[in-house]
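Whatever order the structure lists ligands and atoms in, that order sets their numbers, starting from 1.
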Amino acid sequence: MRMFSPFTFKVIIERYVFIAILLLALCSFPIMKSNFIIFLEVQHKMSKATRAFILNSLLFFPNYNLAKCIDDYFTFYQIKKWCSGNKPPVYINCSKENTEKNVYSLEEKMIGKYMIVMSITGFICLLLLFFLDTTLWKLRTFLSQYVYFGIYKTFRKEKVSKELSGESDDEDVQNERQRILGQPRELLNSAVLIKELTKIYFKYPVILAVKNISVTIQKGECFGLLGFNGAGKTTTFKILTGEETVTSGDVFLEQFSITKRLQKVKSRVGYCPQSEALLEYMTGREIMIMYARLWGISEPQIQLYVNRWLSSMQLELHADKLIITYSGGTKRRLSTAIALMGNTSVILLDEPSTGMDPGARRLLWDAVTWTRESGKAIIITSHRMEECDAFCTRLAIMVEGKFMCLGSPQHLKSKFGNIYVLKIKVKIDAQEDKLNDLKFFITMTFPGSVLKHENQGILNYYIPSKDNSWGKVFGILEEAKEKFNLEDYSISQITLEQVFLIFANPENTEGDYQEKVP
Ligand SMILES: Nc1ncnc2c1ncn2[C@@H]1O[C@H](COP(=O)(O)OP(=O)(O)OP(=O)(O)O)[C@@H](O)[C@H]1O
């Protein structure tokens, strides 16, 4: 059986339990009282049929049933106690027939009937909740796509055409978009297809969180979604899990549209959210057994299956402890194991390594690698560049809701690695004139160089590597060391982290780097 992502499942259970407890707590005791009134005060004034109708109607209310269970159980227990004493009150029927009844039976004044009705209504309410979950979601999607966005487009035409055009300065991003728009979706044959996806939070102020992004992710691919805080990564994930609605565009998982076939899509996604979605009063083993059952693993195989996933994240020692006692890193390991263990075709990991020690990170990398090799598509967000370099087959850097570049880590490093990173440390006592002379010297000697940072006499330059061999750059800087009295300098090649910083730094406007460094 294919069911829900852990996050959705937890939310529904929490809502269900919360509503049930609230209703029971608020209503049981007043109903007990009204029941008491019906019986003792007005029963003689109403006809038998009316009384039966009222009491049967009350069976639709779980809180009435609960109140009746408590009430009748207590009464039965009290009668038994009195009858077993020496002097039972005269108005009590202490016959064997009356005291030796089974309290759980369906007889009059026994609680069996109420327990059965309560179970049935509980089940119906749960189904209703799932139904409302999807219906309300459709309503939210409709309002967001046609009402709010329609109004927004009318009043902010310029902003919409500028920010949400989907055009990009990066040719890889642009090519991917053209490929997606130019082909029917069946031909793209991808595990995940994100097509012109836009998400706007219609609050005050209006936030354009995701701005017309398009990408395909194939089976067996691990796609990294990188970007600074607030870039729109989690919003994209929330859309992929059906937690947030789409403002415009669409997302297809194995050809199923998220706006039209939400349940189909949900059943294909394993999700490790940024915030823990674990039921904390279960043990690690119990929660994994629960999810294994939900994923339809057959009963005889469950122990073996769960043990395999527990050991993949080295959780055996913690397996039988309550989750509430786990450390942050252990919770992340458990969340990741749950996301990876289902028979889903797409796995979303939102910063899975946060809080993990280096050993646990290695385990995560191994687990992700062999899960990917088994043919699943994985989408991961991370702020660790070495992690993305290790196992992402492709990645995109997102800035303010847009893709700034797209490709394999190696492709990005080669594409944007046509620069040297030059760090110069000037002696603290160097005069202002000398510093300015040095800057002038670098600008003139290395045309196209860009001063990225300057702090406490340390200058960081990006220098084009074209026409500048290592030998030439070192030779020039050795000369400059004498001439400008430099304390130290270093030259290095660009890393993935520096590629990230070029694009993800909000101070860099689009094409800033390309304009300055040919
Ligand atoms: N429920 C919400 N209501 C309004 N605005 C939101 C909501 N969720 C996110 N945002 C806004 O949308 C933008 C993108 O947020 P998002 O959480 O997707 O970023 P992120 O890239 O995942 O960041 P982080 O790396 O911190 O997780 C931010 O400006 C954020 O403030």
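The side-chain hydrogen bond (donor to acceptor under 3.5 Å, both in side chains) pairs that include a residue from residues 363-382 are Asp350-Thr381, Trp365-Glu387, Ser382-Glu387, where partners are two or more places apart or lie in different chains.
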Show me the donor-acceptor pairs, under 3.5 Å and distance only, between side chains in residues 148-158 and residues at least two apart or in other chains.
unit_1, atom_1, unit_2, atom_2, d
Thr154, OG1, Gly150, O, 2.7

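Taking both residues in full, the closest heavy atoms of Ile213 and Met398 are given as CD1-CE, 4.1 Å, listed atom of the first, atom of the second, then distance.
At a 4.0 Å heavy-atom cut-off, the residues surrounding ligand 1 are Tyr201, Lys203, Ile207, Ala209, Phe228, Asn229, Gly230, Ala231, Gly232, Lys233, Thr234, Thr235, Gln274, Glu351, His383, listed by chain and number.
The environment of CZ in Phe202 is crowded: more than 12 heavy-atom neighbours from other residues, nucleotides or ligands sit within 6.0 Å.
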From CA spacing to verdict: salt bridge (Lys or Arg N to Asp or Glu O under 4.0 Å), Lys195, Asp250: CA-CA 5 Å; Lys195 193 172 179 181; Asp250 210 342; over 6 Å; no
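Asp172 is linked by a side chain to side chain contact (heavy atoms under 4.5 Å, CB included) to Asp170, Leu406, His411, Lys415, counting only residues two or more places apart in sequence or in another chain.
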